[in-house]
Amino acid sequence: QVQLVESGGGLVQAGGSLRLSCTASGRFYRVNGMGWYRQAAGKQRESVATISRGGITNYADSVKGRFTISRDNAKNTVYLQMNSLKPEDTAVYYCNVNVDFSDYWGQGTQVTVSS
């Protein structure tokens with residue numbers, strides 16, 4: 001069984017920063033791709049950023065230049081550094097981790113950006 005634990009959400013003013021983290025634990029062989037998704041109220045879940053095991057990253061156009069995804073393979077942890085936050089970044093953020101070629105989702109963490 002694989003567990004994902006997220007942390008780092010909260011309330012921040014526009015222009016501020018937050019750092020999310022997500023750690024995979026349990027009995028498994030290998031963590032492959034990792035990523036962050038978000039779902040705003042009344043909208044579909046969307047991809048924010050992904051990172052391969054080798055460190056190749058992809059970002060949604062809306063966050064390029066403001067968000068940075070990184071990972072620590074030794075700790076099975078993925079991070080999302082969010083800078084210059086905007087009210088439209090308000091959403092529940094979920095991590096997604098591919099472990100032994102199965103996808104797992106975190107419980108979600110609320111990010112609220114006030115104007």
Side-chain angles (χ1 to χ4, degrees):
Q1 189 73 353
V2 176
Q3 295 83 40
L4 299 182
V5 177
E6 299 181 22
S7 63
L11 173 64
V12 65
Q13 289 188 331
S17 298
L18 285 173
R19 189 192 194 207
L20 307 182
S21 65
C22 172
T23 299
S25 63
R27 301 186 70 175
F28 50 83
Y29 174 66
R30 177 177 166 129
V31 175
N32 298 304
M34 309 177 89
W36 290 95
Y37 293 72
R38 67 187 180 187
Q39 187 166 17
K43 295 186 178 181
Q44 290 188 329
R45 190 173 298 189
E46 62 176 358
S47 175
V48 175
T50 61
I51 184 167
S52 70
R53 181 171 179 84
I56 297 172
T57 59
N58 280 287
Y59 295 93
D61 288 343
S62 59
V63 306
K64 283 181 180 176
R66 300 188 297 122
F67 291 10
T68 302
I69 189 171
S70 60
R71 63 188 288 170
D72 184 332
N73 289 336
K75 296 181 179 179
N76 295 320
T77 298
V78 61
Y79 305 96
L80 186 67
Q81 178 66 44
M82 304 185 292
N83 299 329
S84 301
L85 282 160
K86 303 175 181 180
E88 51 263 45
D89 294 318
T90 295
V92 178
Y93 284 70
Y94 299 89
C95 66
N96 175 274
V97 179
N98 185 281
V99 177
D100 294 339
F101 302 106
S102 293
D103 280 337
Y104 295 87
W105 291 91
Q107 80 279 10
T109 185
Q110 177 70 45
V111 171
T112 302
V113 184
S114 63
S115 57

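Numbers for residues simply follow the sequence, beginning at 1.
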Going from CG on Leu20 to OH on Tyr94, what distance comes out if it is rounded to the nearest 0.5 angstrom?
13.0 Å
Rounding to 0.5 Å, atoms OH (Tyr93) and CZ (Phe67) come to a distance of 4.5 Å
Contact list for residues 40-49, test side-chain hydrogen bond (donor to acceptor under 3.5 Å, both in side chains), sequence neighbours left out:
Arg38-Glu46
Please examine the side chains of Met82 and Val12, heavy atoms only from C-beta on, and report whether any two atoms are closer than 4.5 Å.
no
In Å and rounded to the nearest 0.5 Å, what is the CD to OG distance from Gln13 to Ser115?
9.5 Å
Filter on disulfide bond (SG atoms under 2.5 Å apart), then keep only pairs touching residues 66-102, sequence neighbours left out; what's left?
Cys22-Cys95
Under the 3.5 angstrom rule, does the side chain of Arg53 hit a backbone N or O of Val31 as a donor-acceptor pair?
yes
Asp89 CG to Ser84 OG distance, which is reported to the nearest 0.5 Å
9.5 Å
Side chains of Gln110 and Thr90 in contact at under 4.5 Å (non-hydrogen atoms):
yes
Is there a side-chain contact between Trp36 and Glu6 (heavy atoms, below 4.5 Å)?
yes
CD1 on Ile56 to CD1 on Ile69, rounded to 0.5 Å
13.0 Å
Walk me through whether Lys64 and Asp61 qualify under salt bridge (Lys or Arg N to Asp or Glu O under 4.0 Å).
CA-CA 5 Å; Lys64 283 181 180 176; Asp61 288 343; 3.1 Å; yes
If I take atom CG from residue Asn32 and atom CG from residue Asn73, how far apart are they, to the nearest 0.5 angstrom?
10.0 Å
In terms of hydrophobic clusters joined by side-chain contacts under 4.5 Å, are Leu4 and Val92 together?
no
With a 4.5 Å cut-off on side-chain heavy-atom distances among I, L, V, M, F, W and Y, is there a chain of contacts connecting Val97 to Tyr37?
no
Could you pull out every donor-acceptor pair under 3.5 Å between side chains of residues 74-81 and any protein atom, sequence neighbours left out?
| unit_1 | atom_1 | unit_2 | atom_2 | d |
| --- | --- | --- | --- | --- |
| Thr77 | OG1 | Thr23 | OG1 | 2.8 |
| Thr77 | OG1 | Lys75 | O | 2.9 |
| Gln81 | NE2 | Asn83 | OD1 | 2.9 |

Asp100 side chain near Arg30 side chain, heavy-atom distance below 4.5 Å:
yes
